[in-house]
Amino acid sequence: MSIRVSGLWPHCYVEFSSFLVFKKSVNCILSALGKYDDIINLPHHVSENRRPMPIENRAAQFAPFAALSGHDKAIAEAARLTEPMAELSDDEKTTIERKLKWAIENKLTVEISYFHPDKTKSGGTYRKIQGVIKKWDEFDKLLILENNRAVRIEYIQNVVIKR
């Protein structure tokens with residue numbers, strides 16, 4: 001039975017019979033670090049001029065970074081769902097127009113369901129707004145409420161008069 005230690009770190013191995021077993025022995029490491037023997041046992045240096053870095057900041061320097069900046073936002077944008085705008089029949093448009101005129105004449109509170117087109121994708125979302133109608137701007141085709149919120153008339157899908 002012969003045991004032979006040879007090589008330098010990290011190629012240190014012990015030959016035992018015909019098996020090679022990698023071994024990180026102290027002797028092997030010290031033989032590789034022989035050129036640092038003069039400083040290996042010195043105490044750890046602590047600066048007299050600077051405070052040590054807080055642990056939170058030390059950990060931050062190893063934090064992951066976004067190699068593809070904006071990629072998460074692009075994925076979220078692609079996953080965001082939009083709906084197509086429903087086309088109303090002429091009868092539905094007439095009914096909505098009558099309800100709006102009645103609400104304006106009587107200063108009634110209305111709940112308006114309308115289509116809000118998406119600025120970046122095709123389609124949009126359906127929203128609701130509630131209030132008293134202040135003005136029907138036929139030139140700009142806007143319905144303006146007393147709280148100064150406006151809805152384009154062609155996007156209105158439904159009107160419910162609140163009492």
Side-chain angles (χ1 to χ4, degrees), residues 9-13 20-24 26 28-29 32-33 36 39-40 42-163:
W9 172 262
H11 304 290
C12 300
Y13 64 90
L20 295 179
V21 180
F22 285 90
K23 182 177 180 184
K24 297 177 185 177
V26 175
C28 184
I29 294 171
L33 300 176
Y36 300 111
I39 62 169
I40 197 75
L42 291 177
H44 176 72
H45 173 72
V46 177
S47 175
E48 296 174 4
N49 301 330
R50 300 179 190 263
R51 292 192 326 254
M53 181 185 287
I55 292 175
E56 299 85 31
N57 294 353
R58 247 186 285 167
Q61 64 184 320
F62 299 107
F65 67 98
L68 300 172
S69 62
H71 186 64
D72 291 339
K73 290 180 183 175
I75 290 174
E77 176 64 23
R80 190 172 53 85
L81 299 176
T82 58
E83 299 177 53
M85 185 171 120
E87 291 295 323
L88 298 176
S89 68
D90 290 336
D91 290 339
E92 290 172 321
K93 289 178 184 177
T94 305
T95 303
I96 288 172
E97 191 173 310
R98 267 191 273 135
K99 286 180 180 179
L100 291 174
K101 286 181 180 177
W102 175 259
I104 292 170
E105 290 170 5
N106 298 301
K107 297 272 187 196
L108 299 173
T109 302
V110 292
E111 182 181 83
I112 300 171
S113 300
Y114 66 99
F115 180 77
H116 181 75
D118 196 295
K119 294 179 182 174
T120 57
K121 296 170 80 171
S122 64
T125 58
Y126 286 94
R127 297 181 179 181
K128 290 184 178 183
I129 188 171
Q130 188 170 328
V132 177
I133 300 171
K134 178 178 170 182
K135 181 180 177 186
W136 183 328
D137 187 348
E138 290 188 34
F139 180 74
D140 290 328
K141 299 183 179 175
L142 288 173
L143 197 64
I144 302 168
L145 302 179
E146 286 186 349
N147 58 7
N148 290 327
R149 294 186 65 189
V151 178
R152 296 198 62 80
I153 293 171
E154 69 257 20
Y155 293 146
I156 295 175
Q157 297 290 309
N158 190 25
V159 174
V160 176
I161 296 176
K162 300 286 185 172
R163 297 191 191 242

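Bear in mind that the values here come from a model prediction, so they are computed numbers and not experimental data.
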query = Any ion pair linking K101 and E97 (charged N to carboxylate O, less than 4.0 Å)?
reply = yes
**Message:** In the structure I gave you, are the side-chain heavy atoms of L143 and L100 within less than 4.5 Å of one another anywhere?
**Reply:** yes
Neighbour count >12 (heavy atoms, 6.0 Å) for atom CG, L42 = yes
Contacts of E77 meeting salt bridge (charged side-chain N to carboxylate O under 4.0 Å, His left out) (sequence neighbours excluded), chain-then-number -> R80
Exercise. Determine whether more than 12 heavy atoms belonging to other residues, nucleotides or ligands lie under 6.0 Å from atom NZ of K121.
Key: yes
TODO: Go through S47 and N49 one step at a time and tell me if the side chain to side chain donor-acceptor pair (under 3.5 Å) criterion holds.
DONE: CA-CA 5 Å; S47 175; N49 301 330; 4.9 Å; no
| field | Validation row: N158, I112 side chains within 4.5 angstrom (heavy atoms) | value | no
- request: Check the pair Q130, T109 against side chain to side chain contact (heavy atoms under 4.5 Å, CB included), reporting the backbone distance first and the verdict last.
  value: CA-CA 7 Å; Q130 188 170 328; T109 302; 3.9 Å; yes
(message) Closer than 3.5 angstrom, by distance alone: can the side chain of K99 be matched with the main-chain N or O of V159 as a donor-acceptor pair?
(response) yes
ring-ring contact (aromatic ring centres under 6.0 Å, His included) pairs touching residues 93-117, sequence neighbours excluded, are F115-Y126
Taking the side chain as everything from C-beta on, heavy atoms only, tell me whether V132 gets closer than 4.5 Å to L145.
no
- Message: Does D90 have more than 12 heavy atoms from other residues, nucleotides or ligands lying within 6.0 Å of its CG?
- Response: no
Interatomic distance, CG@L88 vs CD1@I96, rounded to 0.5 Å, equals 5.0 Å
message = Between V151 and I156, is the side chain to side chain contact (heavy atoms under 4.5 Å, CB included) condition met? List the steps.
response = CA-CA 7 Å; V151 178; I156 295 175; 3.8 Å; yes
Applied to residues 139-156, the side-chain hydrogen bond (donor to acceptor under 3.5 Å, both in side chains) test, sequence neighbours excluded, yields K134-N148, R152-E154
Just wondering, do Q157 and E92 contact through their side chains at under 4.5 Å, heavy atoms? no
Would you sort out whether I133 and V110 count as a side chain to side chain contact (heavy atoms under 4.5 Å, CB included), showing the intermediate values?
-> CA-CA 8 Å; I133 300 171; V110 292; 3.9 Å; yes
query: Judged by atom type as modelled, is there a donor-acceptor pair below 3.5 Å linking the side chain of T82 to the main-chain atoms of S122?
result: yes
